[in-house]
Amino acid sequence: ATRAYGEPLVAACREMGERWYEAETLRTLALTSLIEGNAQQAEDELGQALDLAAEAGDRGGMAMDLDRLGQAAVARGKPERGVVLAGAASRLRDELGGGLTVQAFRWETEPPREAARRSLSEIEIETAWARGRIMSLPEVIAYAHAT
């Protein structure tokens with residue numbers, strides 16, 4: 001039902017130029033995609049939401065999208081990518097100050113950094129985390145869109 005409602009809603013938002021609600025709907029569709037086991041589709045939907053958040057200067061939305069893109073990457077078997085994206089999200093949350101916690105952005109899935117422990121060493125995780133934390137916004141957006 002979420003997809004049947006959400007996809008036409010995204011189209012209507014685009015037609016009306018309602019960018020914020022379009023991003024929120026794409027985030028909901030991405031959750032649906034992950035629940036359905038389609039992490040690639042979730043990444044596509046979150047990539048669109050990330051672009052809308054970047055266009056609006058919504059750093060909180062960008063942090064949310066990057067964190068969730070990290071979750072989708074881990075679900076696709078790309079734990080290092082997931083940790084890099086989660087590291088970039090962490091930096092954005094730190095820049096915004098209090099109030100935005102990682103728990104507020106998570107769905108009922110394991111954080112990328114924790115999930116990565118099943119396949120990466122602690123050094124690989126810390127390296128990927130640090131890489132994400134030092135990326136500029138243009139770099140992290142380009143990285144988020146790279147496959």
Side-chain angles (χ1 to χ4, degrees), residues 2-3 5-7 9-10 13-14 17-147:
T2 301
R3 190 156 306 284
Y5 175 75
E7 289 173 350
L9 183 56
V10 167
C13 288
R14 287 180 180 153
E18 177 49 65
R19 312 296 267 162
W20 183 86
Y21 202 64
E22 178 184 349
E24 288 298 311
T25 305
L26 284 163
R27 290 173 184 130
T28 301
L29 287 172
L31 171 59
T32 301
S33 295
L34 281 175
I35 290 169
E36 294 171 343
N38 192 341
Q40 177 61 58
Q41 185 169 347
E43 282 186 337
D44 293 343
E45 291 156 345
L46 288 165
Q48 293 174 57
L50 176 65
D51 289 343
L52 291 168
E55 178 185 302
D58 177 7
R59 289 180 173 239
M62 291 174 69
M64 180 186 323
D65 297 330
L66 290 169
D67 194 52
R68 290 173 174 176
L69 278 163
Q71 292 173 314
V74 171
R76 286 187 58 217
K78 298 183 177 187
E80 182 178 345
R81 175 180 172 76
V83 175
V84 169
L85 291 165
S90 171
R91 190 196 83 234
L92 277 175
R93 280 191 305 278
D94 288 350
E95 289 174 1
L96 291 169
L100 292 177
T101 65
V102 70
Q103 291 78 14
F105 296 156
R106 293 242 190 265
W107 293 316
E108 295 299 318
T109 58
E110 190 175 23
R113 196 170 178 175
E114 298 303 315
R117 287 193 165 88
R118 288 190 292 277
S119 56
L120 299 177
S121 71
E122 202 59 39
I123 291 172
E124 290 170 317
I125 292 169
E126 291 307 316
T127 300
W129 184 262
R131 183 174 166 211
R133 290 205 39 103
I134 64 169
M135 284 182 168
S136 69
L137 277 178
E139 288 172 334
V140 76
I141 290 170
Y143 183 82
H145 287 295
T147 52

Output, in order, the C-alpha distance, side-chain angles, deciding distance and verdict of side-chain contact (heavy atoms from CB on, under 4.5 Å) for M62 and L137.
CA-CA 10 Å; M62 291 174 69; L137 277 178; 3.5 Å; yes

Under 3.5 Å, is there a donor-acceptor pair between the side chain of R117 and the main chain of I125?
no

Distance-minimising heavy-atom pair for L46 and A30
CG-CB, 3.5 Å

Please round to the nearest 0.5 Å and tell me the distance separating atom CZ of R59 and atom CG of L92.
6.0 Å

Nearest-0.5 Å distance that lies between atom CG in L66 and atom CZ in R91:
9.0 Å

Worked check of side-chain contact (heavy atoms from CB on, under 4.5 Å) between L31 and R68:
CA-CA 9 Å; L31 171 59; R68 290 173 174 176; over 6 Å; no

Shortest non-hydrogen contact between A49 and A23, atoms and distance
CB-O, 3.9 Å

Got E22 and L26 here, is their nearest side-chain heavy-atom distance under 4.5 Å?
yes

When you compare the side chain of H145 with that of I141, does any pair of heavy atoms fall below 4.5 Å?
yes

Counting N and O atoms only, with roles assigned by atom type, does the side chain of E124 sit under 3.5 Å from a partner on the main chain of S121, one being a donor and the other an acceptor?
yes

Run the side chain to side chain donor-acceptor pair (under 3.5 Å) test on Q40 and D44 for me, step by step, so that the C-alpha distance in whole Å, both residues' side-chain angles and the decisive distance to 0.1 Å come before the verdict.
CA-CA 6 Å; Q40 177 61 58; D44 293 343; 3.0 Å; yes

Answer yes or no: is there a side-chain heavy-atom contact under 4.5 Å between V140 and V84?
no

State, to 0.1 Å, how close L34 and A75 come at their nearest heavy-atom pair, and which atoms those are.
CD2-CB, 4.3 Å

Please round to the nearest 0.5 Å and tell me the distance separating atom CZ of R27 and atom OG1 of T32.
14.5 Å

Heavy-atom closest pair (A72 atom, A42 atom, distance to 0.1 Å) is CB-CB, 4.4 Å

Would R14 and V10 count as a side-chain contact (heavy atoms from CB on, under 4.5 Å) if you check the C-alpha gap in whole Å, the side-chain angles of each, and the deciding distance to 0.1 Å?
CA-CA 6 Å; R14 287 180 180 153; V10 167; 3.5 Å; yes

Counting N and O atoms only, with roles assigned by atom type, does the side chain of T127 sit under 3.5 Å from a partner on the main chain of I123, one being a donor and the other an acceptor?
yes

CH2/W129 to CD1/I134 distance, rounded to the nearest 0.5 angstrom?
14.0 Å

Once you round to the nearest 0.5 Å, how far does CD of E18 lie from CD of E24?
10.5 Å

I'd like to know if R113 pairs up with E122 as an ion pair, taking the criterion as any Lys NZ or Arg NE/NH1/NH2 lying under 4.0 Å from an Asp or Glu carboxylate oxygen.
no

Nearest non-hydrogen partners of G82 and V74, listed with the distance
CA-CG2, 4.1 Å

Hey, are the side chains of S33 and R3 touching, using non-hydrogen atoms and a 4.5 Å cut-off?
yes

Donor-acceptor pair, R81 side chain versus A144 backbone, under 3.5 Å?
yes

Interatomic distance, R76 atom CZ to L69 atom CG [nearest 0.5 angstrom]:
10.5 Å

Can you give me the closest heavy-atom contact between L85 and Y143, atom names plus distance?
CD2-CD2, 3.8 Å

Do P79 and V83 have side-chain heavy atoms sitting under 4.5 Å apart?
no

